[in-house]
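The basis for the numbers below is simple: all heavy atoms, side chains too, and nothing from hydrogens, waters or symmetry mates. Ligands are counted one by one from 1 in listed order, and the atoms in each one are counted from 1 as well.
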Amino acid sequence: MGAVTTVIIPAAGRGTRFLPATKALPKELIPVLDRPVVQWGVEEAVAAGLRRAVLVLGPGKDGVAAHFAPDRELEEALAQAGRAELEAVVRAIAELTSVDTVEQPEPLGLGDAVRRAGELVRGEPGVAVLLPDDLYVGPRPLLAQLLDAYRIHRCPVVALRRCPPEAISRYGVVAVEGPGPVFRVTDLVEKPAREAAPSDLALMGRYILTPAVFAALETTTPGAGGEIQLTDGLRSALAAGPVVGVEYQGTLLDVGTLEGWIQTLVQLAATDPRLGPAVREGLRAAGLAVVPA
Ligand code: G1P
């Protein structure tokens with residue numbers, strides 16, 4: 001039975017929430033500590049054993065793929081400057097994974113982005129999807145947790161997190177059967193009104209998809225927000241067989257909003273050996289009491 005080897009990473013959104021920073025800079029290249037957001041996603045996928053990334057790029061996003069391309073000139077310059085450590089860091093990025101790209105010319109939705117990657121993963125029994133707007137921190141890569149369930153159930157797998165009622169309408173929401181943490185999904189709704197949410201279990205941005213989902217996306221029509229929704233494709237795929245949801249361990253940190261990004265930066269930097277002192281100094285300068293690390 002073929003293993004899952006590919007992760008699809010949609011990088012097509014316009015990054016409106018980060019304007020004006022994202023006027024020329026793709027939001028996936030905004031840094032968190034020393035790495036752009038998208039590299040965190042690729043590193044999670046590699047840590048979960050995946051070996052190939054398919055980036056779905058909107059207009060003006062070529063820089064996202066360029067980040068993973070070899071840059072011999074830069075390596076050479078760093079070597080000559082005696083910066084061997086940095087040279088190794090730069091080279092390692094290009095060696096992380098093989099990268100293919102596919103275009104999404106218009107922002108027609110996550111379902112459309114994933115569908116466009118379908119032609120590059122034809123014949124693969126299962127494919128991972130990772131939305132780079134959330135960084136995973138925790139004991140075991142989130143995609144690895146989903147792959148554990150995929151290996152047992154051989155069906156689409158979604159990542160689930162319990163969500164407070166006031167936030168539920170920002171997410172895809174599922175109805176489930178079973179005691180968990182691995183559930184059988186019986187329904188999925190994209191961004192329901194609070195009163196209409198079938199549970200408090202929200203879809204988070206990690207998936208394992210099967211050919212049945214790609215087939216369903218071919219006929220999925222625009223849904224919530226007028227966009228073609230991956231959630232609706234998964235819902236149609238329920239007719240072809242089970243879908244499993246995993247209430248995962250660990251934490252996703254939101255870097256898809258300015259507020260979430262800043263909070264994530266402070267949280268990660270404060271406990272980083274190199275950057276921690278600077279963060280604490282900054283907080284002190286802002287007049288905030290800081291508990292010493
Ligand atoms: C997307 C999905 C949604 C999911 C969310 C997780 O929404 O459509 O089902 O809950 O990601 O972050 P978006 O955040 O792109 O609006």
Side-chain angles (χ1 to χ4, degrees), residues 7-18 22 26-28 30 37-38 40-41 44 56-58 61 104 106-117 128-137 142-143 145-146 156-176 183 185 187-194 196-209 213 216-217 220-238 243-248 250-261 263-264:
V7 61
I8 296 170
I9 302 186
R14 288 195 173 139
T16 323
R17 286 170 178 157
F18 283 93
T22 47
K27 68 170 175 167
E28 295 78 11
I30 287 178
V37 161
V38 67
W40 286 80
E44 179 191 326
V56 186
L57 302 178
K61 296 279 188 144
Q104 188 191 31
E106 287 178 80
L108 299 179
L110 177 59
D112 177 67
V114 169
R115 186 180 66 79
R116 282 172 191 277
V129 175
L130 180 149
L131 310 188
D133 274 0
D134 286 298
L135 304 192
Y136 175 79
V137 289
L142 177 39
L143 277 180
Q145 297 179 45
L146 300 193
V157 182
V158 296
L160 300 175
R161 183 179 74 187
R162 299 217 180 258
C163 184
E166 62 277 12
I168 200 84
S169 60
R170 295 209 298 260
Y171 297 101
V173 185
V174 295
V176 295
F183 300 93
V185 173
D187 201 6
L188 305 94
V189 194
E190 180 67 10
K191 300 193 173 76
R194 180 176 172 163
S199 75
D200 66 345
L201 286 166
L203 292 174
M204 303 310 290
R206 305 289 188 276
Y207 308 81
I208 310 297
L209 305 182
V213 181
L217 285 172
T220 300
T221 51
E227 296 188 342
I228 297 171
Q229 298 292 351
L230 178 56
T231 304
D232 294 340
L234 282 157
R235 184 170 200 263
S236 308
L238 277 174
V243 172
V244 158
V246 176
E247 195 182 349
Y248 56 86
T251 309
L252 283 176
L253 301 172
D254 169 30
V255 292
T257 62
L258 192 56
E259 294 78 3
W261 174 69
Q263 201 174 322
T264 299

- prompt: Considering only the protein, which heavy-atom contact is closest to atom 1 (C) of ligand 1, and what is its distance?
  reply: Leu131 CD1, 4.1 Å
statement: Between Glu44 and Leu143 the two heavy atoms that sit nearest each other are OE2-N, 3.0 Å
- prompt: Quick one: nearest non-hydrogen protein atom to atom 9 (O) of ligand 1, plus distance?
  reply: Glu190 OE1, 2.7 Å
message: If you compare all heavy atoms of Leu160 against all heavy atoms of Gly245, which two are closest, and at what distance to 0.1 Å?
response: CD1-CA, 3.7 Å
Check residues 130-137 and write down every donor-acceptor pair under 3.5 Å in which the side-chain atom is one partner and the other belongs to a residue at least two apart or another chain.
{"unit_1": "Asp133", "atom_1": "OD1", "unit_2": "Lys27", "atom_2": "NZ", "d": "3.4"}
{"unit_1": "Asp133", "atom_1": "OD2", "unit_2": "Lys27", "atom_2": "NZ", "d": "3.3"}
{"unit_1": "Tyr136", "atom_1": "OH", "unit_2": "Arg140", "atom_2": "O", "d": "2.9"}
{"unit_1": "Tyr136", "atom_1": "OH", "unit_2": "Gln145", "atom_2": "NE2", "d": "3.2"}
{"unit_1": "Tyr136", "atom_1": "OH", "unit_2": "Gln249", "atom_2": "O", "d": "2.8"}

- request: Please say whether Leu203 places an N or O atom under 3.5 Å from an N or O atom belonging to ligand 1.
  value: yes
query: Considering only protein heavy atoms, which is closest to atom 12 (O) of ligand 1, and at what distance to one decimal place?
result: Asp134 OD2, 3.8 Å
task: Report the part of Leu230 (side chain from C-beta onward, or backbone N, CA, C, O) that has a heavy atom under 4.0 Å from ligand 1; answer both or neither where that applies.
output: neither
field: Glu166 CD: over 12 foreign heavy atoms closer than 6.0 Å
entry: yes
task: Would you mind telling me if ligand 1 is within reach of the side chain of Asp133, the backbone, both or neither, using heavy atoms under 4.0 Å?
output: neither
Shortest non-hydrogen separation from Pro222 to Gly226 and the atoms involved: CB-O, 3.4 Å
query: What atoms of ligand 1 come closer than 4.0 angstrom to any heavy atom of Gln229?
result: 8 (O)
task: Using the test salt bridge (Lys or Arg N to Asp or Glu O under 4.0 Å), find all partners of Arg162 that sit at least two apart in sequence or belong to another chain.
output: Asp200, Glu247
query: Would atom 16 (O) of ligand 1 count as contacted, meaning some protein heavy atom under 4.0 Å?
result: yes
message: Looking at every heavy atom in both Pro26 and Lys61, which two are closest together, and how far apart are they?
response: CB-CD, 3.6 Å
- line: Quick note on ligand 1: atoms under 4.0 Å from a heavy atom of Tyr171 include exactly 6 (C), 10 (O)
task: Decide whether an N or O pair under 3.5 Å exists between Gly172 and ligand 1.
output: yes
Under-4.0 Å heavy-atom contact with ligand 1, by part of Lys191 that carries it: side chain
- prompt: Would you call Asp232 and Arg235 a salt bridge, taking side-chain N to carboxylate O under 4.0 Å as the test?
  reply: no
task: Can you sort out which atoms of ligand 1 are near Thr231, meaning under 4.0 Å from one of its heavy atoms?
output: 9 (O)
